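One structure is given below, encoded as structure tokens.
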Amino acid sequence: MRVLIVGASQGIGLEATRQALAAGHQVRALSRSAATMAQSDPRLEKVVGDALKREDMESAVSGVDAVIQTLGVGVRDLFRPVSLFSEATRVLIAAMQGQRIQRLICVTGFGAGDSESSIGCLQRVPFQLAFGRAYADKSVQEQLIKDSELEWTIVRPGVLTSGKARGRYQVLVDARSWRNGLIARADVAAFLVAQLQDRRHLHHAPVLVY
């Protein structure tokens, strides 16, 4: 498939780029720092662009079959009002709908949207203090996606680690089973790439943990 990965130069996005290429997909990697990516492959197109700019996103989605959105903010940004996730998603949805691209796979996190109610009592206060602003915006982001007519899957990883992929993790779809836990970015990326051809989680927002 021809895949656009938004936020491809680091973290989950970079790992998803590697794994999508390994799976045989053509990847368009969009990031403001895409030019610095060390990854090299004839099927990789590096695109320097801003996820908040309409013209950048309209150009980036042109000709692709699916989009993986993996946005993140820095630690300093967590203590200021956050609007990146919702604003970029508004721009992306409009660009996709304008070009009739349907498949969107988006990373948010455990604690976003209706999974917030599954945060344990002991974790709730520190979670809100550290991540409350970002996750409030991720919740808006999720609702924008759910309200769209796209063929979406929202992916909510637990606490991210930099370890190697285990290849075995839990995909918690039922709200009664949602809980926090650890998961490597590499395993999250593997799940994202698998969703390009696996439609079992269409219109689902599973939590991923070990």
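The first residue in the sequence is number 1, and the count goes up from there. Keep in mind that this is a model prediction, so the values were computed, not measured.
- Interatomic distance, Leu160 CG to Leu182 CG, rounded to the nearest 0.5 Å: 9.5 Å.
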In sequence, state the C-alpha distance, the side-chain angles, and the governing distance for Arg2 and His25, and then conclude on side-chain contact (heavy atoms from CB on, under 4.5 Å).
CA-CA 6 Å; Arg2 294 164 296 178; His25 300 295; over 6 Å; no
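- Looking at Thr89, its side chain never comes within 3.5 Å of a backbone N or O of Ser86 through a donor-acceptor pair.
- Residues meeting the ring pair (Phe, Tyr, Trp, His ring centres under 6.0 Å) test with Tyr135, sequence neighbours left out: Phe127.
- Leu129 belongs to a hydrophobic cluster whose other members, connected by ILVMFWY side-chain contacts under 4.5 Å either directly or through intermediates, are Val125.
- Side-chain contact between Leu92 and Val61 is present, with at least one heavy-atom pair separated by less than 4.5 Å.
- Residues Leu84 and Met96 fall within the same hydrophobic cluster, defined by Ile, Leu, Val, Met, Phe, Trp and Tyr side chains chained together at heavy-atom separations under 4.5 Å.
- When all heavy atoms of Gln141 and Cys106 are compared, the pair lying nearest together is NE2-SG, 3.3 Å.
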Before you tell me yes or no, could you show the steps for Thr161 and Arg185 under side chain to side chain donor-acceptor pair (under 3.5 Å), namely the whole-Å CA-CA distance, both residues' side-chain angles and the distance that decides it to 0.1 Å?
CA-CA 6 Å; Thr161 72; Arg185 290 176 178 85; over 6 Å; no
Tabulate below the donor-acceptor pairs under 3.5 Å that side-chain atoms of residues 202-210 make, not counting sequence neighbours, or state none.
from	atom 1	to	atom 2	distance (Å)
His203	NE2	Leu150	O	3.3
Tyr210	OH	Ala184	N	3.1
Tyr210	OH	Asp187	OD2	2.5

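- Heavy atoms from other residues, nucleotides or ligands lying under 6.0 Å from NZ of Lys146 number more than 12.
- Atom CG in Leu104 sits 10.5 Å away from atom CD in Gln97 (nearest 0.5 Å).
- Evaluation of the side chain to side chain donor-acceptor pair (under 3.5 Å) rule for Arg176 yields Asp174 as partners, not counting sequence neighbours.
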Before giving the answer on side-chain contact (heavy atoms from CB on, under 4.5 Å), spell out for Gln10 and Met37 the whole-Å C-alpha distance, their side-chain angles and the decisive distance to 0.1 Å.
CA-CA 9 Å; Gln10 58 186 343; Met37 293 174 66; over 6 Å; no
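- In this structure, Thr70 contributes its side chain and Gly7 its backbone to a donor-acceptor pair below 3.5 Å.
- Evaluation of the salt bridge (charged side-chain N to carboxylate O under 4.0 Å, His left out) rule for Arg166 yields no partner, not counting sequence neighbours.
- Hydrophobic clustering (side-chain heavy atoms under 4.5 Å, transitive across Ile, Leu, Val, Met, Phe, Trp, Tyr) groups Leu44 together with Met1.
- Although no hydrogens or angles enter the test, the distance criterion places a donor-acceptor pair under 3.5 Å between the side chain of Lys138 and the main chain of Thr108.
- Applying the side chain to side chain donor-acceptor pair (under 3.5 Å) criterion to Asp50, with sequence neighbours excluded, gives no partner residue.
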Run the numbers on Leu78 and Phe131 for side-chain contact (heavy atoms from CB on, under 4.5 Å), then give the verdict.
CA-CA 6 Å; Leu78 294 175; Phe131 304 109; 3.9 Å; yes
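- In the hydrophobic clustering of ILVMFWY residues, with side-chain heavy atoms under 4.5 Å counting as a link, Ile105 and Phe85 come out apart.
- Arg124 meets the salt bridge (charged side-chain N to carboxylate O under 4.0 Å, His left out) test with no other residue; sequence neighbours excluded.
- Counting only distance, with no hydrogens or angles, the side chain of Asp77 and the backbone of Gly74 share a donor-acceptor pair below 3.5 Å.
- Listed by chain and residue number, Arg54 satisfy the side chain to side chain donor-acceptor pair (under 3.5 Å) test with Glu58 (two or more places apart in sequence, or in another chain).
- With sequence neighbours left out, the ring pair (Phe, Tyr, Trp, His ring centres under 6.0 Å) criterion links Phe79 to no other residue.
- Shown here are the side chain to side chain contact (heavy atoms under 4.5 Å, CB included) partners of Glu45, two or more places apart in sequence or in another chain: Arg28, Val47.
- The two residues Ala29 and Ala8 make their nearest non-hydrogen contact at CB-CB, 3.5 Å.
- Nearest heavy-atom pair across Gly13 and Ile5 is O-CG2, 3.9 Å.
- Residue Val73 is not grouped with residue Val188 when hydrophobic side chains (ILVMFWY) are merged at heavy-atom distances under 4.5 angstrom, including chains of intermediate members.
- Distance alone, capped at 3.5 Å, is enough to place a donor-acceptor pair between the Ser115 side chain and the Ala112 backbone.
- Contact record, Val6 with Ala51: CG1-CB, 4.0 Å, taken as the closest heavy-atom pair.
- Between Ile68 and Leu196, the closest side-chain pair of non-hydrogen atoms falls below 4.5 Å.
- Partners of Arg90 under the side chain to side chain donor-acceptor pair (under 3.5 Å) rule, at least two apart in sequence or in another chain, do not exist in this structure.
- A pairwise comparison of heavy atoms in Val64 and Ala60 identifies CG1-O, 3.8 Å as the closest pair.
- Note that CD of Glu142 is 8.0 Å distant from CH2 of Trp152, once rounded to the nearest 0.5 Å.
- Cluster annotation: Val67 and Met57 are assigned to the same hydrophobic cluster (Ile/Leu/Val/Met/Phe/Trp/Tyr, side-chain heavy-atom contacts under 4.5 Å, transitive).
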Apply salt bridge (Lys or Arg N to Asp or Glu O under 4.0 Å) to the pair Asp56 and Arg32, showing each step before the final yes or no.
CA-CA 10 Å; Asp56 287 0; Arg32 287 179 294 181; over 6 Å; no
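- The CD1 atom of Ile101 sits 12.0 Å away from atom CD of Glu151, with the distance rounded to the nearest 0.5 Å.
- Looking only at side-chain heavy atoms (C-beta outward), Asp147 and Ile145 stay at 4.5 Å or farther from each other.
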Step-by-step side-chain contact (heavy atoms from CB on, under 4.5 Å) determination, Leu30 to Leu4:
CA-CA 7 Å; Leu30 176 80; Leu4 169 64; 3.9 Å; yes
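- Closest approach of Val82 and Arg133 over heavy atoms only: CB-O, 3.9 Å.
- A distance-only check finds no donor-acceptor pair linking the side chain of Arg103 to the backbone of Asp65 [under 3.5 Å].
- At least one side-chain heavy atom of Val107 sits less than 4.5 Å from a side-chain heavy atom of Pro157.
- For residues 155-195, the set of pairs meeting the ring-ring contact (aromatic ring centres under 6.0 Å, His included) definition, not counting sequence neighbours, comprises Phe191-His201.
- A distance of 11.0 Å separates CD1 in Ile12 from CD in Gln19, rounded to the nearest 0.5 Å.
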